[in-house]
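Read through the structure below, which is laid out as structure tokens, and then see the notes.
The first residue in the sequence is number 1, and the count goes up from there.
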Amino acid sequence: MDGKANKPVLERLSHLVGTKNKLGKAIKGYSKYREANQIATHFSEYLLPVIASSCALKAQSYSIRHSVYCEELKLEATRPNRQESDEFDAYSIPCLIRHVSSDTIAGTVRMVRPTLESELLPIEKYCMHAITNDALLPTNFERSSICEISRLAIPAHFRRRSMDHFSGAEVGKLNPSTFSQTELRCFPFIAVGLYLTATALIIQEGIEHVYVMVEPRLAKNMRLVGIKFKQIGPVIDYHGKRAAHHVDLKALKYGLSGGFAVMRDDIVAKLAQEY
């Protein structure tokens, strides 16, 4: 194994949304703007929400997941077809963020939506022991009222804000010379955009209970946005230090702060136009 593979898993996982808590710093940094809705204005100028409603878009989602989870982080075995997919994808909706100028996918996350009693959430199959809040066990609720957000993956070149880190071999069609400083500042918000795209679907469907298995740092960053992840169990070692969290529908509808509510509403409007 090379040195990269030997890094602690938590350290490697932190690269999913940027190193050294860049997302948290970026969120706090936006408070310097006089108008909160500039967050949404800048984001929507360069990045657009997409629902993977076709086989081609789903394949792009699975390809990004393979690149991040299998090749970069080595958390899953590589696949001959370079598509990272599992049993839960049969009843999941992939959400994507598209980079407008390059027409490339800048990140993906999925909403696992069971409808049958036999269909489990990933957290139910692998991490039920990590939920110690008995009142919020997924099994307490109807299948149609629960979902899980999982498999967040952002390609490496969209997690880097410094122009010096871009190279032609890494970014493919991307031309770093065309990126403005404002555009670069939007890249740390791709993870937020992915969660808000999934949130738009959850609100539309009226799903009351949302589960995520995330590292505490990402949960903290989402709280800065206003998505109130409630920790419902201890931190465990599952692909790094992670904990089970729950978010209810009311919190998703009304909890977002300032410009992030504007950003969500803009995402909802764009999805309505497209789909």
Side chains of [X] and [Y]: does their closest heavy-atom pair fall under 4.5 Å?
X	Y	answer
Arg242	Asp237	no
Glu71	His66	yes
Val214	Ile149	no
Lys230	Asp248	no
Ser101	Tyr46	no
Asp89	Lys58	no
Leu57	Val50	yes
Cys147	Val112	no

Out of curiosity, [X] [atom1] to [Y] [atom2], how far, rounded to the nearest 0.5 Å?
X	Y	atom1	atom2	result
Leu47	Ile97	CG	CD1	6.5 Å
Ile105	Leu96	CD1	CG	4.5 Å
Arg264	Ile227	CZ	CD1	9.0 Å
Thr199	Ile267	OG1	CD1	8.5 Å
Lys220	Gln231	NZ	CD	13.0 Å
Ile93	Thr197	CD1	OG1	12.0 Å

Do [X] side-chain atoms and [Y] backbone N/O form a donor-acceptor pair below 3.5 Å?
X	Y	result
Ser67	Ser63	no
Tyr62	Arg82	no
Ser145	Phe141	no
Glu148	Ile123	yes
Tyr91	Leu120	yes
Glu215	Arg217	no

For Glu208, enumerate each residue passing the salt bridge (charged side-chain N to carboxylate O under 4.0 Å, His left out) test, keeping only those at least two apart in sequence or located in another chain. none
Out of curiosity, does [Y] fall in the hydrophobic cluster containing [X] (side-chain heavy atoms, cut-off under 4.5 Å, transitive links)?
X	Y	result
Phe158	Val100	no
Tyr126	Leu136	yes
Leu152	Val210	yes
Leu249	Leu256	yes
Phe43	Ile51	yes

Taking all non-hydrogen atoms of both residues into account, name the closest pair between [X] and [Y] and its distance.
X	Y	result
Cys127	Met213	SG-CE, 3.9 Å
Ala135	Asn140	O-ND2, 3.1 Å
Ala130	Ala244	O-CB, 4.1 Å
Thr139	Glu124	CG2-OE2, 3.6 Å
Leu194	Cys95	CD2-O, 3.7 Å
Ala106	Pro155	O-CD, 3.3 Å

Can you tell whether the side chains of [X] and [Y] come within less than 4.0 Å, N to carboxylate O?
X	Y	result
Glu205	Arg113	yes
Glu119	Arg143	no
Glu76	Arg65	no

Side-chain H-bond candidate by donor/acceptor type, Ser102 with His99, under 3.5 Å: yes
Any donor-acceptor pair under 3.5 Å linking the side-chain atoms of Arg110 with those of Ser150? yes
Counting only heavy atoms from other residues, nucleotides and ligands, does the tally under 6.0 Å from CD of Glu142 exceed 12? no
Assess the residue pair Arg151 and Tyr69 against the criterion (side chain to side chain contact (heavy atoms under 4.5 Å, CB included)); give the C-alpha distance rounded to whole Å, side-chain angles, the decisive distance to 0.1 Å, and a yes or no. CA-CA 9 Å; Arg151 281 302 194 259; Tyr69 283 94; 3.9 Å; yes
In terms of ring plane angle, is the pair His246 and His209 parallel, tilted or perpendicular, where the classes change at 30° and 60°? tilted
Parallel, tilted or perpendicular for Phe229 and Tyr195, by the 30°/60° rule? perpendicular
Derivation of the side chain to side chain contact (heavy atoms under 4.5 Å, CB included) call for Val247 and Lys228: CA-CA 6 Å; Val247 190; Lys228 307 299 184 184; 5.6 Å; no
Determine, stepwise, if the pair Thr78 / Glu84 fulfils side chain to side chain contact (heavy atoms under 4.5 Å, CB included). CA-CA 8 Å; Thr78 57; Glu84 195 282 307; over 6 Å; no
Decide side chain to side chain contact (heavy atoms under 4.5 Å, CB included) for Lys270 and Leu48; before the verdict, give the C-alpha distance in whole Å, the side-chain angles of both, and the deciding distance to 0.1 Å. CA-CA 8 Å; Lys270 283 184 166 55; Leu48 291 177; 3.4 Å; yes
